[in-house]
Amino acid sequence: MENQVGRSNCRRQRVVLFPLPFQGHINPMLQLANILYSEGFSITIIHTNFNSIYTSNYPQFTFRAVLDNDSKDINLAKLSSKGVGDLLSGIMLLNQCGEESLRQELDQMLMASKQQGEPIVCLVTDALWYFTQSVADSLKLSRMVLRTSSLFCVIVYASIPVLEDQGYFNQVNSVFDEENIDLDLKNIIAPNEENNFKKPDGGESVRNLEDRVPEIPVLKVKDISKMRIKGQKDPTGKLLANMLKQTKASSGIIWNSFKELEETELQKIHKDFPVPSFLIGPFHKYFPASLSSLMEPDRSFMSWLDHQAPNSVLYISFGSAAQLHKQDFLEVVNGLANSKQPFLWVMRPGFVKGSEWMELLTNGFLDLVGERGHIVKWAPQQEVLAHQAAGAFWTHNGWNSTLESICEGVPMICSPFWGDQPLDARYVSDILKVGVYLENGWEREEIESAIRKVMVGEESEDIRERARYLKEKVNVSLMKGGSSYESLVSLVGYISSL
Ligand code: UDP
């Protein structure tokens, strides 16, 4: 490990970690577990049976399934049902009714660990498992939170009450309903005069989707709409409010980010969250590859990639959960074909709504795939981004993907779907300026032009240069004396002292 801070190797303290069962949450939690293990802590991972981890990849850890152990349990049924909306409601349900079951499990584990002379010193849970704070309190166990998003995202989430007061969510109610919730904003409403939104005072003043948000000037009004939160009373709004409350009540926050990336945001977090914050990321740089994939990565294209020119291949992946409507998918296919750039496309089965996998692709496009591209179901993403042939990453801007791209100095094309993704996309394009935001949705001409702009256009060298500069900053932060290195030293000392 590049930046191991060198704690004594004698394991006398155990840390229990509890990831949320989604790919983008499992990866950073398992990486954090590896980091803490390297620093001398023994590790237990507690996990749901739903989206269970491949435990055999981690012989050094102890695993224990919790919460959804009964196959007839309504909670398990909820978690296993398809669709992100349902998955979210499953998570909410477990937050509401998991307390007693988890308390019993942890109580047993605490007793056993004491008998073994290796006490559990800390519980680290995903921030979205907010119910674990009261469980930990009742057992007099310290709970730290892993927040798997950017600091910027948490600042925006913490501003939801203020934004709601200002009427920003009124428009979300009118723009999104359950039927068209997955359609892109542009397909539902065009940002023209007619569709402007009245401010809450009901006065003459109107707000356009393209306007900046004075309360958070980085954002445009449409970014708030794209988060798909309807306000504090919306189930997602409630989940986030509980998450923030119990994060403030925790013993500390561990972030998968680094100081130089979000310096201004860190000051605000210090002010608004009165618990220690540790920015020790990017986690995936501590270990070469992720073993925590829920799907088997396809490596069959690697020799093709090895033969491509430097910076010439567009890597396309929209993460583990996003889904696209058929008409948008066809825009993607045509834009990609017309761009004439080589590509590697991760197309998950079920990515296109109502479709199994590749059946919507025409023979013409499949010929093109033979000539200048590859399509796979799942890729070893970090390896692909680190490859010299990777020229740009067309991404949904999940935080892990965003960080992985930044770490390798790969410019982005940003096509966010929901949640924190539109926030990360805005940050990447307008603050870091290492990406082009396809902010008007899925439209073939715009797609073709964005691909060209990032891969071969006049501006591409400037974007690439800024991306390289950020990559350097990551490397420095991980070296002895760097911000992430020093933050890890503090974190290890802090956990040991709990
Ligand atoms: N990933 C991968 N192979 C793929 C696509 C994604 O290994 O083909 C990994 C990616 O490296 C990242 C995670 O899956 O670590 C996705 O997390 P992210 O936060 O970017 O998005 P989410 O899936 O949560 O929407």
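Checking side-chain atoms of Glu262 against main-chain N and O of Phe152 turns up a donor-acceptor pair under 3.5 Å. Proximity of a side-chain donor or acceptor of Gln421 to a complementary backbone N or O of Trp418 within less than 3.5 Å is detected. Between the side chain of His307 and the main chain of Ser303, a donor-acceptor pair closer than 3.5 Å is present. When atom types are taken as modelled, the side chain of Glu446 and the backbone of Leu438 share no donor-acceptor pair closer than 3.5 angstrom. Looking only at distances, a side-chain donor or acceptor of Glu331 sits under 3.5 Å from a matching main-chain atom of Arg444. With hydrogens and angles ignored, the 3.5 Å screen pairs no side-chain donor or acceptor of Gln323 with any backbone N or O of Val352. No side-chain donor-acceptor contact under 3.5 Å links Ser293 to the backbone of Glu296. Looking at Thr247, its side chain does come within 3.5 Å of a backbone N or O of Met243 through a donor-acceptor pair. With hydrogens and angles disregarded, no donor-acceptor distance shorter than 3.5 Å links the side chain of Ser477 to the backbone of Gly482. With hydrogens and angles disregarded, a donor-acceptor distance shorter than 3.5 Å links the side chain of Tyr157 to the backbone of Asp420.
Distance CG/Asp424 to SG/Cys414: 9.0 Å, rounded to 0.5 Å. Atom CZ in Arg348 sits 10.5 Å away from atom CZ in Phe318 (nearest 0.5 Å). In this structure, OG1 in Thr148 is found 11.0 Å from CD in Gln31, a value given to the nearest 0.5 Å.
Ionic pairing of Arg468 and Glu465 is present here: one or more N-O contacts between side-chain nitrogen and carboxylate oxygen are shorter than 4.0 angstrom. A salt bridge does not link Lys340 to Glu448: none of the charged nitrogens lies less than 4.0 Å from a carboxylate oxygen. Salt bridge Arg452/Glu458: absent, no basic N to carboxylate O contact under 4.0 Å. Under a 4.0 Å N-O distance rule, the pair Arg212/Asp430 qualifies as a salt bridge.
Taking the six-membered ring where the residue is Trp, Phe63 and Tyr58 present tilted rings, their angle falling between 30° and 60°. Between His374 and Phe301, the angle of the ring planes lies from 30° to 60°, which puts this pair in the tilted group. Under the 30°/60° scheme for interplanar angles, the aromatic rings of Phe50 and Phe22 are found to stand perpendicular.
Between Phe283 and Trp399, the gap from one ring centroid to the other reaches at least 6.0 Å. The ring of Trp442 has its center closer than 6.0 angstrom to the ring center of Phe417.
Counting only residues at least two apart or in different chains, salt bridge (charged side-chain N to carboxylate O under 4.0 Å, His left out) contacts with residues 367-380 are absent. For residues 310-321, the set of pairs meeting the salt bridge (charged side-chain N to carboxylate O under 4.0 Å, His left out) definition, not counting sequence neighbours, is empty.
The closest side-chain donor-acceptor pair between Asn440 and Lys222 falls under 3.5 angstrom.
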Exercise for the section: Using the side-chain contact (heavy atoms from CB on, under 4.5 Å) rule, take Ser257 and Arg147 through it: C-alpha gap first, then chi angles, then the decisive distance, then the call. Expected result: CA-CA 10 Å; Ser257 187; Arg147 182 58 201 160; over 6 Å; no
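What you find for Pro342 and Gln308 is that their closest heavy atoms are CB-OE1, 4.4 Å. When all heavy atoms of Ser483 and Glu260 are compared, the closest pair comes out as OG-OE1, 2.8 Å.
Two residues are said to be in side-chain contact when any heavy atoms from C-beta on lie closer than 4.5 Å; Leu361 and Ile375 meet this criterion. No side-chain heavy atom of Leu491 sits less than 4.5 Å from a side-chain heavy atom of Ile35.
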Atom pairs and distances, donor-acceptor, side-chain atoms in residues 388-395, under 3.5 Å, two or more places apart:
from, atom 1, to, atom 2, distance (Å)
Trp394, NE1, Ser415, OG, 2.8
Thr395, OG1, Asn397, N, 2.8

